[in-house]
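Atoms within a ligand are numbered from 1 in the order they appear, just like the ligands themselves.
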Amino acid sequence: MKLLGSTTSPYVRRIRMWALNNDIALEFINLDIFSQQDRHTMIAHNPARKIPVLIDNGFSVCDSNSIIRYLLEKSDQPLLSWQQENLLTIINACNDSLVEMLLCQRSGFDTKDDKLFFNLQNERIAETLRYLNSHLSEPAFKSCEYLNISLYCLLDWICFRELTDWSQLENLADFYQQFSAKAAVKHTDPRN
Ligand SMILES: N[C@@H](CCC(=O)N[C@@H](CS)C(=O)NCC(=O)O)C(=O)O
């Protein structure tokens, strides 16, 4: 199986870390999705023009949510419960808003402007982080490897891109510190 992605994408990193932990061989194709040639490769497999994309025997699976479901099924592991799906939705919502804000910054907008779009993203980012801070000790969260990986990838990506300060959220800070020691973290560090 091949994984189209980039070393910097937190969504791609989740899949890479989970595959490493579960001994699932993925050939990682590192793309620069804003270069003409690599963009062509991405678009050829995903009309939505986003990474990650998993390719298995010529079949493309788009979106990290579908990819993890595909890999869990393929490796005969239980899917996420509905409670866990909801927690993943919260992580995704935070991550999506941060991606939108980064793209706005790169497009030359002042994201500190008092504008509806920026205010909505900032509110969502702050509240989802607060929610995750108070729910990450629950059994449904703790017992789910993919949720833990996804949260770590979100937090580390926020640090890497210097997007927002979550250091006052103590449970998140403890979680981040403990998780950092894992081998898959080092292997997929976007700074390397
Ligand atoms: N819902 C998607 C989100 C993936 C996503 O936003 N990927 C970003 C990279 S981190 C991307 O490809 N962005 C390209 C764009 O927005 O044009 C997933 O879970 O895979």
J.: Is Tyr152 close to Ser180 at the side-chain level, that is, under 4.5 Å between some pair of heavy atoms?
T.: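 Yes; the side chains approach each other to less than 4.5 Å.
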J.: Going by the atom numbers of ligand 1, which of them fall below 4.0 Å from some non-hydrogen atom of Ile33?
T.: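 Ligand 1 atoms under the 4.0 Å threshold to Ile33: 12 (O), 14 (C).
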J.: Pairs of nitrogen or oxygen atoms closer than 3.5 Å, one from Ser9 and one from ligand 1: do any exist?
T.: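 Looking only at distances, the answer is no, because the N/O contact criterion of under 3.5 Å is not met.
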J.: Check each atom of ligand 1 against the heavy atoms of Pro52 and keep those under 4.0 Å away; list them by number with element.
T.: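 The list of qualifying atoms is 20 (O).
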J.: Starting from atom 1 (N) of ligand 1, locate the nearest protein heavy atom and write down its residue, its atom name and how far away it is, to 0.1 Å.
T.: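 Ranking protein heavy atoms by distance from atom 1 (N) of ligand 1, first comes Asp63 OD2, 2.9 Å.
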J.: Are Cys144 and Leu80 packed together at the side-chain level, in the sense that at least one heavy-atom pair is separated by less than 4.5 angstrom?
T.: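 A side-chain contact exists here, since the closest heavy-atom pair is under 4.5 Å.
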J.: Anything under 30° is parallel, anything over 60° is perpendicular, the rest tilted; go ahead and classify Phe175 against Phe141.
T.: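 Perpendicular: the ring planes of Phe175 and Phe141 meet at over 60°.
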J.: For Phe118, is the NZ or CZ atom of Lys115 found under 6.0 angstrom from the centre of its six-membered ring and inside 45 degrees of the ring axis?
T.: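 Lys115 over Phe118 ring: no.
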J.: Have a look at ligand 1 and work out which part of Asn92, if any, has a heavy atom under 4.0 Å from it: side chain, backbone, both or neither.
T.: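 The answer is neither; Asn92 stays 4.0 Å or more away.
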J.: Can you confirm, on distance only, whether ligand 1 has an N/O atom lying under 3.5 Å from any N/O atom belonging to Ser64?
T.: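 Among all N and O atoms of Ser64, at least one is under 3.5 Å from an N or O of ligand 1.
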J.: Would you say the side-chain atoms of Asn133 and Glu170 include a donor-acceptor pair closer than 3.5 Å?
T.: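 Short answer, no.
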J.: For Leu103, is the nearest heavy atom under 4.0 Å from an atom of ligand 1?
T.: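 The answer is yes: ligand 1 sits under 4.0 Å from a heavy atom of Leu103.
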J.: Could you check which of Ile67, Val99, Ile51 puts a non-hydrogen atom nearest to atom 5 (C) of ligand 1?
T.: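 Minimum heavy-atom distance to atom 5 (C) of ligand 1 goes to Ile51.
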J.: Looking at atom 15 (C) of ligand 1, what's its closest protein heavy atom, distance included?
T.: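 The answer is Arg49 O, 4.1 Å.
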J.: In plain terms, say whether Asp189 and Arg191 are close enough for a salt bridge, that is, a side-chain N and a carboxylate O under 4.0 Å apart.
T.: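 Here Asp189 pairs with Arg191 in a salt bridge, since their nearest N and O are under 4.0 Å apart.
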J.: How close does the nearest protein non-hydrogen atom get to atom 6 (O) of ligand 1, and which residue and atom is it?
T.: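 It is Tyr11 CE1, 3.7 Å.
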J.: Verify whether one side chain among Tyr176 and Asn171 offers a donor that lies under 3.5 Å from an acceptor in the other.
T.: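 On atom types as modelled, these side chains do not qualify, holding no pair under 3.5 Å.
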